[in-house]
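Only a predicted model underlies this, so the values are computations on that prediction, with no experimental measurement involved. We count ligands from 1, going down the list as the structure has it; atoms in each ligand are counted the same way.
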Amino acid sequence: MGKSTTINGRPLKPATLMMGHGFDPTLSEGSLKPPIFLTSTFAFPSAAEGKRHFEGITGKRPGGADGLVYSRFNAPNQEILEDRLAIWDGAESALSFSSGMTAICVLMLTYCSQGDVIVHSGPLYAASEGFVAKWLSKFGIRYLDFPAGAAREEIATVLEQAKAMAAEAGGKVAMIYLESPANPTNALVDVEAVKAARDDVLDPDCPIAIDNTFLGPLWARPLDQGADIVVYSLTKYVGGHSDLVAGSIAGATRWMTPVRMLRNTMGGICDPNTAWMLLRSLETVELRMQRAGENAAKVCAWLQGHPKVAGLGYLGMISDPCQQDIYRRHCKGAGSTFSLLLKGGEAECFRFLDALRIAKLAVSLGGTETLASHPASMTHLSVPDARKAELGISDNLVRISIGIEDADDLIADFEQALEAV
Ligand SMILES: *Cc1c(COP(=O)(O)O)cnc(C)c1O
């Protein structure tokens, strides 16, 4: 497979590599685009090679399989996808999954054992938080969390507590799991501070994983700030058309190999059709995210001064100096997902949402179309009121994901919807 990523020593940019990296048309009848390989199994050229492949799959020989064996382990469309995903984050390798949640669950199951403690930033995507609190606890794995905006000393204190808690149960601190920005508050996690605290308190065998779904791959590259593993729901910006569900993780091969072993056992790899769709999506991910980001900046600039607007949780308009400092060190753009605080409560938000004509009333984010939802009564309905208040999920908060429509049309839509409030 074509792997050249430079020309005359010049490293090629991801936007260029998305068109052909990892695929050699001459191996597929000259087909310019990869065919979809609908097969469950792959013929071995010889029995000896079949044996060698299985030595790689089972871990008898390090380095993984050097050929294709069976589609639960890997297949051409998924391998091309994984090669291209790794490029965006500057990772050594990537693994694809059937959903973001499959990626997250398989990752956590790989690294956590009985008696271990996970430390995570809060809040997390509700299903991620639920997996830790409800399912991992069944196996004697406990957790501690710290708020997304926490400083180094506060993080170090929580890591010390986690270390003591794990020692008492005969385990270890197995993973630091982050999500930045937090949803729907948009609070950023200081990954550099987390890494410094980890290096002070724990040994480097405790990986730092981070869910980069909201800002990746264009606006944040957390591996550059010291995270070890980056996690995606590809369903959002990467897939980008609200027409598929998939996930991935990426990082150094040493972190990926154990996860690959569990994926080989459990399954959960992305299917070939979805992988092919994602290859198409990756060709335009930079264009789409740039346009969505520009649109969001225009829409927020307009919303900011509106008399019915009480506030905006948009990374392009941070007022807190500590958050602004993290933004400057970690982000290349403000994204296109933000929260809009209306004057009033649920009734005003519902009138606004029901009046929208271009923006669709739906959860999810990162698609070509603009979406709006009401977290307090939808995605976060089951969160207890006290926790909602702590997280800033108020009744007057609308979550908006801006798409790639015409920005002035979007502004006109928000204008008439605000009139209806
Ligand atoms: C959507 C989402 C997930 C879960 O991804 P699925 O593809 O729906 O399984 C995880 N984390 C974040 C931040 C998300 O937005």
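Proximity of a side-chain donor or acceptor of T213 to a complementary backbone N or O of S233 within less than 3.5 Å is detected. Under a 3.5 Å cut-off, the side chain of Y232 and the backbone N or O of F214 do not form any donor-acceptor pair. Formation of a donor-acceptor pair under 3.5 Å by the S137 side chain with backbone atoms of A133 is found in this model.
For ligand 1 and E179, the ligand atoms under 4.0 Å from any heavy atom of the residue are 13 (C). Close contacts of ligand 1 with T235, meaning ligand atoms under 4.0 Å from a residue heavy atom, involve 6 (P), 7 (O). Each of the atoms 10 (C), 11 (N), 12 (C), 13 (C) of ligand 1 lies under 4.0 Å from some heavy atom of D211. Heavy-atom contacts of A246 reach the following atoms of ligand 1: 7 (O) (cutoff under 4.0 Å). If you number the atoms of ligand 1 from 1 as listed, the ones under 4.0 Å from a heavy atom of S233 come out as 1 (C), 2 (C), 3 (C), 4 (C), 5 (O), 6 (P), 7 (O).
Scanning the protein for heavy atoms near atom 1 (C) of ligand 1, the closest one is K236 NZ, 1.4 Å. Closest protein heavy atom to atom 9 (O) of ligand 1: M101 N, 2.8 Å. Among all non-hydrogen protein atoms, the one lying nearest atom 4 (C) of ligand 1 is Y125 CE2, 3.4 Å.
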Let me check something: any side-chain donor-acceptor pairs from residues 297-316 under 3.5 Å, sequence neighbours excluded? List them with distances.
from: H306; atom 1: ND1; to: K308; atom 2: N; distance (Å): 3.0
from: K308; atom 1: NZ; to: L418; atom 2: O; distance (Å): 3.0
from: K308; atom 1: NZ; to: V421; atom 2: O; distance (Å): 3.2

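For the atom pair CZ of R399 and CG of L340, the computed distance is 12.5 Å after rounding to the nearest 0.5 Å.
Within the structure, ring-ring contact (aromatic ring centres under 6.0 Å, His included) pairs that include any residue of residues 71-96 comprise Y70-F73 (at least two apart or interchain).
Of the N or O atoms in F214, none lie within a sub-3.5 Å distance of an N or O in ligand 1. When only interatomic distances are considered, the shortest N/O to N/O separation between G100 and ligand 1 falls below 3.5 Å.
The closest side-chain heavy-atom distance from P25 to S31 is not below 4.5 Å.
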